Each structure stands twice: as structure tokens, then as C-alpha cells.
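Notes to accompany the following structure.
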Amino acid sequence: DGGITQSPKYLFRKEGQNVTLSCEQNLNHDAMYWYRQDPGQGLRLIYYSQIVNDFQKGDIAEGYSVSREKKESFPLTVTSAQKNPTAFYLCASSMEGPPTGELFFGEGSRLTVL
Amino acid sequence: AQKVTQAQTEISVVEKEDVTLDCVYETRDTTYYLFWYKQPPSGELVFLIRRNSFDEQNEISGRYSWNFQKSTSSFNFTITASQVVDSAVYFCALSDPGTDSWGKLQFGAGTQVVVTP
């Protein structure tokens with residue numbers, strides 16, 4: 001079935017460690033996104049990518065990094081520079097350029113910093 | 001700047017009751033898009049509807065209906081005859097496809113709907 005796969009679903013990290021969250025899609029979408037969700041808050045955009053080898057900072061990019069070497073993959077690295085990384089992370093993709101169309105989401109990765 | 005307000009944090013209803021979720025938005029642009037997404041306990045958001053700023057027709061899809069009113073900058077969502085499976089967090093979102101805002105879908109804080117049997 002087509003969709004977005006995020007892994008791992010749950011991740012624990014010690015302070016000072018970098019961690020990479022995986023996001024893979026088989027929908028043949030050009031655009032991919034990473035969002036962060038905190039309790040009681042809406043989703044906030046971390047990074048987005050319109051095409052392969054190109055990505056842009058969203059509203060809260062500090063302490064995060066991404067790469068887009070393949071159309072299907074858009075991994076997110078949470079670095080030790082991120083002050084408060086404990087959150088729920090959602091990856092999404094869309095067929096249309098600007099987000100005028102439907103976003104398809106993965107099931108998310110929950111990161112807890114110990 | 002764009003802004004989306006969902007004033008209701010949580011709504012609890014008994015099955016078969018109707019429930020209306022409020023969404024108020026702010027934007028300076030004349031062209032924009034409004035969305036509703038559902039987030040069930042599994043975590044992934046599911047697209048429900050998109051409406052562009054030039055289409056003020058209300059829409060009905062099964063038990064779901066949407067009321068878009070530009071005059072009050074509102075895009076409210078009603079679930080008729082609620083069911084337990086409707087229990088989820090519902091997000092309203094706004095996008096302006098202008099160059100500076102590409103990729104930036106502005107989400108509201110979400111409304112938790114709890115439907116009890």
C-alpha cells in the first residue's frame with residue numbers, strides 16, 4: 001500500500017546525543033515536510049523540501065537538520081543543539097507544489113530525552 | 001501574519017449528538033486555502049477537506065459538514081450524529097501559497113473530541 005513510513009515509532013535519547021528520524025514515502029510525491037507537535041499545540045513546521053537536493057527551513061529549524069538525497073526519503077536529525085527535543089514528530093508529503101492540496105502524514109515518531 | 005484559532009480545547013458528547021468545532025483565521029491575503037485534518041489516537045493526520053478563499057459554498061460529506069464564512073473569517077466543522085470512531089483531535093489549518101509562505105501550513109492548536117457511548 002502507498003503511504004509514508006516513519007521509524008522508529010518511539011525513541012529515547014540521552015542529552016547531548018544526536019538522533020535521526022526516518023521518513024520514507026512511496027507516493028511519488030515531490031514535496032516532503034517535517035512537523036513538530038507538542039501537547040496542546042498545533043503542528044509547527046521544521047523543514048520542508050520541494051524537490052530532491054533542495055530543502056528550506058520552516059518556523060522552528062534551529063537544532064535540526066535534514067537531507068533529501070532521494071525522492072522517497074527525507075530523514076530528520078535532532079541535534080544536541082535542540083534545547084527541548086522531547087516531542088512528537090510528524091513527516092508528511094504532498095503531490096502539489098505549495099500546500100494547496102492534501103498532505104499525507106506518517107504515524108509519527110515520539111522522541112523522549114532522558 | 002497568518003493565524004488560526006481553535007478556541008475549544010476539548011468537547012465531550014454522547015454518541016448521536018451533533019458537535020460543532022469552531023475555527024477562526026487571520027490573513028491579509030485574498031487568496032488562501034483552509035483545511036481540516038483529523039488526528040486519531042494512532043497519530044497520523046488524515047485530510048478531511050480543503051476550501052479555497054473564493055469558494056464560500058458550504059459542503060456536506062456524509063455526517064460531516066463545513067460552514068465557511070469570509071465575513072467572520074470562520075471555517076466551522078460539524079459532525080452530525082457523532083459516533084465513537086469520531087473521537088480524535090481535529091485541526092484547522094490555513095495556507096497562503098505566496099512565495100514567502102510556501103510550505104507553511106499554519107495549524108490551529110486542535111480540538112479534542114471525545115464521544116462516549
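A quick note: this is a predicted structure, and the numbers were derived from the prediction, not measured.
Aromatic pair B/F107/A/Y35: ring centres closer than 6.0 Å.
A/Q37 touches chain B through its side chain: at least one heavy atom from C-beta onward sits under 4.5 Å away, while N, CA, C and O do not. Contacts of B/Q39 with chain A are made by side-chain atoms alone, with heavy-atom separations under 4.5 Å and no backbone atom involved. In this structure, chain B has heavy atoms under 4.5 Å from both the backbone and the side chain of A/E102. Within the 4.5 angstrom heavy-atom criterion, only side-chain atoms of A/D59, from C-beta onward, approach chain B.
Taken together through direct or relayed side-chain contacts under 4.5 Å among Ile, Leu, Val, Met, Phe, Trp and Tyr, B/L34 and B/L48 form part of one hydrophobic cluster. Hydrophobic clustering places B/W36 together with B/V13 (ILVMFWY residues linked when any side-chain heavy atoms are closer than 4.5 Å, directly or through intermediates). Connection of A/F105 to A/Y48 is established within a shared hydrophobic cluster, with ILVMFWY side chains joined at heavy-atom distances below 4.5 Å, either directly or through further cluster members. Cluster membership check: B/W66 shares its hydrophobic cluster with B/I11, using side-chain heavy-atom separations under 4.5 Å among Ile, Leu, Val, Met, Phe, Trp and Tyr.
For B/A109 against A/G40, the heavy-atom pair with the smallest separation is CB-O, 3.6 Å.
Residue pairs satisfying the salt bridge (charged side-chain N to carboxylate O under 4.0 Å, His left out) criterion with at least one member in residues 3-15 of chain A, sequence neighbours excluded, are listed as follows: A/K9-A/E107.
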Report the C-alpha distance between B/L105 and A/L103 in whole Å, list the side-chain angles of each, state the deciding distance to 0.1 Å, and finish with yes or no for side chain to side chain contact (heavy atoms under 4.5 Å, CB included). CA-CA 10 Å; B/L105 193 61; A/L103 259 64; 4.1 Å; yes
Go through A/L43 and B/Y37 one step at a time and tell me if the side chain to side chain contact (heavy atoms under 4.5 Å, CB included) criterion holds. CA-CA 11 Å; A/L43 279 66; B/Y37 283 86; over 6 Å; no
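Residues that satisfy the ring-ring contact (aromatic ring centres under 6.0 Å, His included) test with A/F88, not counting sequence neighbours, are absent from this structure.
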